[in-house]
Engineer: 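Take this structure, written in structure tokens, and hold onto it; I'll ask about it next.
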Amino acid sequence: MELALYDTLTREKRVFTPLDPARVRMYVCGPTVYDFAHIGNARPVIVFDILFRLLRHLYGADHVTYVRNITDVDDKINARAAEEYPDLPLNEAIRRVTEKTDKQFHADVAALGCLPPTAEPRATEHIEDMKAVIERLVAEGCAYVADEHVLFRVAAMADYGKLSKRSLDEMIAGARVEVAPYKRDAMDFVLWKPSKPGEPAWPSPCGIATPGRPGWHIECSAMADRWLWTDARSRLSERGLAHPHQFDIHGGGIDLVFPHHENEIAQTRCAFHTPAMANFWMHNGFLQVEGRKMAKSEGNFITISDLLMTDTFGGRAWSGDVLRLAMLQTHYRQPIDWTVNGLELAFHTLDDWFRAAAPGRNGPPNQGVVDALLDDLNTPRMIAELHAVRKQISQPQHGEAAVELGNTLSFLGFVQQNFFAWLTKLNDQVVADPGRIDTLIDARNAARREKNFKEADRIRDELKATGIELEDHKGGTTTWKVKR
RNA sequence: GGCCACGUGGCGGAGUGGUUACGCAACGGUCUGCAAAACCGUGUACCCCGGUUCAAUUCCGGGCGUGGCCUCCA
């Protein structure tokens, strides 16, 4: 079976053929590190991690390059830095904000079971690459210098607007923002802008005297080209070299389609004279919380860290695996409604699977699961396939199906040991004294042997009142778990 | 105002021009001292109105609802 992916540019599901099977290349827009990542940020991270794992499975782990950038130049960062550290020089304050946020992001993402991308370039480390692209665009006549800014000339791009399906005329007609006077055309966008004293600044390109900083869109064009073309070149076969400056998949949230990705395409194609930037454009749908849009003003703004560490959502903390499964319960292109109900369902499902599965040993994943993913990452179908494997297990952790389930879960980034460790920790919070439970179980079993069922049931009820549920098993053993 | 999505049974959620998705919950049963687990079984859904068709939840048009983008945004 072949991999088919939905391409936003053509609005259809197409068979995925790598430009160069020896080196499959994917770029995903990562976070702007000014605040803790919210649960909406987690969606593309998880979705494209699944795709990364699938591509590694199909083409070999050493043949897939996955780049996810970190935006650490941004006016929101500047604003946050000035707000949080008013007494520090701005650049020092910015460094603190980005370092803290960056560290938290990586902790969050690791907890969600995501593999580290092949590379995570930072904007600040690629200013020279951006300036080089900007210089090229000006030399090509696709960009111009005005009032110390460098602007991309949208008219230079014949089919600008194709990705987002909008025409320049429509956009100009519908524009609600006043146009900066130095723009030749209302839709022209900034590639470089001058910095005020104290703001982050680098020597400007194009002979501009005032130091400045890059616009937002240029970083992705520059970093994608650096990592997926310039630096990847030596490892490409002739097939890949036949498509200079192009790569296979570009991903991100659907809100990035316009203007971000539209502008990336314009920059890259005009700078390098290519017919395309990426072969496939993939976008995940938006996220709502309990049926409402997530916003600080709605009071339902929720970070990954909140979900992992606090009981602010649903009255309890959640393991990263549960968040991961909850995210995959909905197909990535559908809008997702993030609810406590959804998390509880995911918890229940994962709990069942992990109890049934043998520990994952890097063996081959279930083919039905792989097939579901090959169909444009149909994760709901994937979950149905996992249920089918689970159904074949009659005795927990025994038999081929249990091994297969373990291997498949591990392939998908669900880690049994992590889940159980987390569960144990959670239980420890509920259960003050596990030894006491064992004592009561022994007492109850003694009563059962003497057919004193009244006493046995009394002990069951006593434990139940504290949230502990007992289960008797065939061999005469009794286990307990925390009732939820 | 312009553009773009989405709307499936109690809940979550795929999919399809005519046949059981799947899971959770519910209900009935087997089993069990009881219970849980496990196992077996039950439910016939596709926002509204038109159109195309022998046949539409599935295609087309309109409406309504929700959301997104057009300005920073996953």
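So you know, we letter chains A, B, ... as the sequences are listed, proteins then strands, and number each from 1. Because only heavy atoms are used, hydrogens play no part in the values below, and waters and symmetry mates are left out as well, while side chains stay in.
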Engineer: How would you list, by chain and number, every residue that makes a salt bridge (Lys or Arg N to Asp or Glu O under 4.0 Å) with Asp108(A), sequence neighbours excluded?
Structural biologist: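 Residues passing salt bridge (Lys or Arg N to Asp or Glu O under 4.0 Å) with Asp108(A): none at all.
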
Engineer: In this structure, how many angstroms lie between the P atom of rC70(B) and the CG atom of Leu256(A), rounded?
Structural biologist: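 To the nearest whole Å, that distance equals 10 Å.
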
Engineer: Sort me out a list of protein N/O and nucleotides 65-69 of chain B N/O pairs below 3.5 Å, or just none if empty.
Structural biologist:
{"unit_1": "rC69(B)", "atom_1": "O2'", "unit_2": "Arg166(A)", "atom_2": "NH2", "d": "3.0"}
{"unit_1": "rC69(B)", "atom_1": "O2'", "unit_2": "Phe258(A)", "atom_2": "O", "d": "3.4"}
{"unit_1": "rC69(B)", "atom_1": "O2", "unit_2": "Arg166(A)", "atom_2": "NH2", "d": "3.4"}

Engineer: What residues from residues 147-162 of chain A pass a heavy-atom cutoff of under 4.0 Å to RNA chain B?
Structural biologist: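 Within this stretch, nothing sits under 4.0 Å of the strand.
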
Engineer: Can you list every salt bridge (Lys or Arg N to Asp or Glu O under 4.0 Å) pair that touches residues 399-414 of chain A, not counting sequence neighbours?
Structural biologist: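 Qualifying pairs, neighbours excluded: none.
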
Engineer: If the P atom of rA37(B) is compared with that of rG7(B), how far apart are they to the nearest Å?
Structural biologist: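 It comes out at 34 Å once rounded to the nearest Å.
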
Engineer: Between Arg381(A) and Thr349(A), just flag the one whose closest nucleotide in RNA chain B comes earlier from the 5' side.
Structural biologist: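 Per heavy-atom nearest nucleotide, the more 5' residue is Arg381(A).
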
Engineer: For Ile383(A), which contact category applies under a 4.0 Å heavy-atom criterion: base, sugar-phosphate, or nothing?
Structural biologist: nothing

Engineer: Given the C1' atoms of rC31(B) and rC40(B), what is the spacing between them in whole Å?
Structural biologist: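 Going atom to atom, C1' in each nucleotide, I get 11 Å.
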
Engineer: Nearest to the side chain of Trp216(A) - rA74(B), rC24(B), rC73(B)?
Structural biologist: rC73(B)

Engineer: For nucleotides 27-41 of chain B, give me one character per nucleotide, 5' to 3': B if any protein heavy atom sits under 4.0 Å from the base, S if the only such contacts are to the sugar-phosphate, - if neither.
Structural biologist: ------BBBB-S---

Engineer: Residues two or more places apart in sequence or in another chain: which of them pass salt bridge (Lys or Arg N to Asp or Glu O under 4.0 Å) with Asp306(A)?
Structural biologist: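 In terms of salt bridge (Lys or Arg N to Asp or Glu O under 4.0 Å), with neighbours along the sequence ignored, Asp306(A) is linked to no residue.
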
Engineer: Side-chain contact test, heavy atoms from C-beta onward, threshold under 4.5 Å: evaluate it for Val45(A) versus Arg68(A) and give yes or no.
Structural biologist: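 The answer is yes, as the side chains (C-beta and beyond) meet within the 4.5 Å cut-off.
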
Engineer: Determine, for Arg122(A) against Asp102(A), whether the closest basic-nitrogen to carboxylate-oxygen distance falls under 4.0 angstrom.
Structural biologist: yes

Engineer: Would you measure the distance from the C1' atom in rA45(B) across to the matching atom in rA56(B) and give it in whole Å?
Structural biologist: 15 Å

Engineer: Who passes salt bridge (Lys or Arg N to Asp or Glu O under 4.0 Å) against Asp376(A), sequence neighbours left out?
Structural biologist: Arg333(A)

Engineer: If I pick the P atom on rC6(B) and the same atom on rG61(B), what distance separates them, to the nearest angstrom?
Structural biologist: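 Nearest-Å result for rG61(B) against rC6(B) at atom P: 13 Å.
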
Engineer: Does this structure show an ion pair linking Glu344(A) with Arg316(A), if we count only N-O contacts that are shorter than 4.0 Å?
Structural biologist: no

Engineer: Give a yes/no answer on whether the side chain of Asn378(A) brings an N or O atom under 4.0 Å of OP1 or OP2 in rG15(B).
Structural biologist: yes

Engineer: Rounded to whole angstrom, note down the C1' distance from rG12(B) over to rU19(B).
Structural biologist: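 The same atom, C1', in both gives a distance of 25 Å.
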
Engineer: What is the minimum heavy-atom distance between Tyr34(A) and Arg80(A), and which atoms define it?
Structural biologist: O-CG, 3.5 Å

Engineer: Among residues at least two apart in sequence or on other chains, which ones pass side-chain contact (heavy atoms from CB on, under 4.5 Å) with Pro259(A)?
Structural biologist: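 In terms of side-chain contact (heavy atoms from CB on, under 4.5 Å), with neighbours along the sequence ignored, Pro259(A) is linked to His217(A), Asn263(A).
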
Engineer: What distance, rounded to whole Å, do you find between the two P atoms, one in rG33(B) and one in rC46(B)?
Structural biologist: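 Looking at atom P only, rG33(B) and rC46(B) are 45 Å apart.
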
Engineer: Residues in salt bridge (Lys or Arg N to Asp or Glu O under 4.0 Å) with Lys162(A), at least two apart?
Structural biologist: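 Checked Lys162(A) against salt bridge (Lys or Arg N to Asp or Glu O under 4.0 Å); zero matches.
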
Engineer: Which part of the nucleic acid does His283(A) contact within heavy-atom distance under 4.0 Å: base, sugar-phosphate only, or nothing?
Structural biologist: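 His283(A): no heavy atom of the nucleic acid under 4.0 Å.
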
Engineer: Quick one: do Glu471(A) and Lys464(A) make a salt bridge, cutoff under 4.0 Å?
Structural biologist: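 Between Lys464(A) and Glu471(A) there is no salt bridge, as every charged N stays at least 4.0 Å from the carboxylate O atoms.
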
Engineer: Give a yes or no answer on whether the side chain of Asp72(A) reaches the backbone of Thr124(A) with a donor-acceptor pair at less than 3.5 Å.
Structural biologist: yes

Engineer: Of Lys76(A) and Gln334(A), whose nearest nucleotide on RNA chain B comes first from the 5' end?
Structural biologist: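 Closer to the 5' end of RNA chain B: Gln334(A).
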
Engineer: Between rA14(B), rC22(B), rC24(B), which nucleotide has the shortest distance from any of its atoms to the side chain of His387(A)?
Structural biologist: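 Minimum distance to the His387(A) side chain belongs to rC22(B).
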
Engineer: Please give me every residue in residues 3-13 of chain A whose heavy atoms get under 4.0 Å of an atom in RNA chain B, ordered by residue number.
Structural biologist: Arg11(A)

Engineer: Would you please indicate yes or no on a ring centroid separation below 6.0 angstrom for Phe280(A) and His250(A)?
Structural biologist: no

Engineer: Can you tell me how far C1' of rC70(B) sits from NZ of Lys165(A), to the nearest Å?
Structural biologist: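 In whole Å, rC70(B) C1' and Lys165(A) NZ are 16 Å from each other.
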
Engineer: Could you go through the ring pair (Phe, Tyr, Trp, His ring centres under 6.0 Å) check for His149(A) and Trp192(A) one step at a time?
Structural biologist: CA-CA 6 Å; His149(A) 293 67; Trp192(A) 189 266; over 10 Å; no

Engineer: What distance, rounded to whole Å, do you find between the two P atoms, one in rG23(B) and one in rG65(B)?
Structural biologist: 36 Å

Engineer: Rounding to the closest angstrom, what is the interatomic distance between rC49(B) and rG43(B) at atom C1'?
Structural biologist: 29 Å

Engineer: Would you indicate what Gly40(A) reaches in the nucleic acid, counting non-hydrogen atoms under 4.0 angstrom: base, sugar-phosphate, or nothing?
Structural biologist: base

Engineer: Between the side chains of Arg213(A) and Asp75(A), is the shortest nitrogen-to-carboxylate-oxygen separation below 4.0 Å, so that they form an ion pair?
Structural biologist: yes

Engineer: Checking Thr101(A) now: which residues fulfil side-chain contact (heavy atoms from CB on, under 4.5 Å) with it, not counting sequence neighbours?
Structural biologist: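 Only Val33(A), Val97(A) meet the side-chain contact (heavy atoms from CB on, under 4.5 Å) criterion with Thr101(A).
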
Engineer: Pairing of RNA chain B as dot-bracket, 5' to 3': ( ) intra-strand, [ ] crossing, | other strand, . unpaired, with Watson-Crick or G-U pairs under 3.5 Å?
Structural biologist: (((((((..(((.....[...))).(((((.......)))))....(((((..]....))))))))))))....

Engineer: Would you call Asp7(A)-Lys13(A) a salt bridge at under 4.0 Å N-O?
Structural biologist: no

Engineer: Reckon Thr32(A) touches a base, only the sugar-phosphate, or nothing at all at heavy-atom distances under 4.0 Å?
Structural biologist: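 Since only primed, P, OP1 and OP2 atoms lie under 4.0 Å of Thr32(A), the category is sugar-phosphate.
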
Engineer: Any salt bridge between Arg269(A) and Asp159(A), counting N to O under 4.0 Å?
Structural biologist: yes

Engineer: Within this structure, what is the CD1-to-P distance between Ile304(A) and rA74(B), rounded to whole angstrom?
Structural biologist: 12 Å

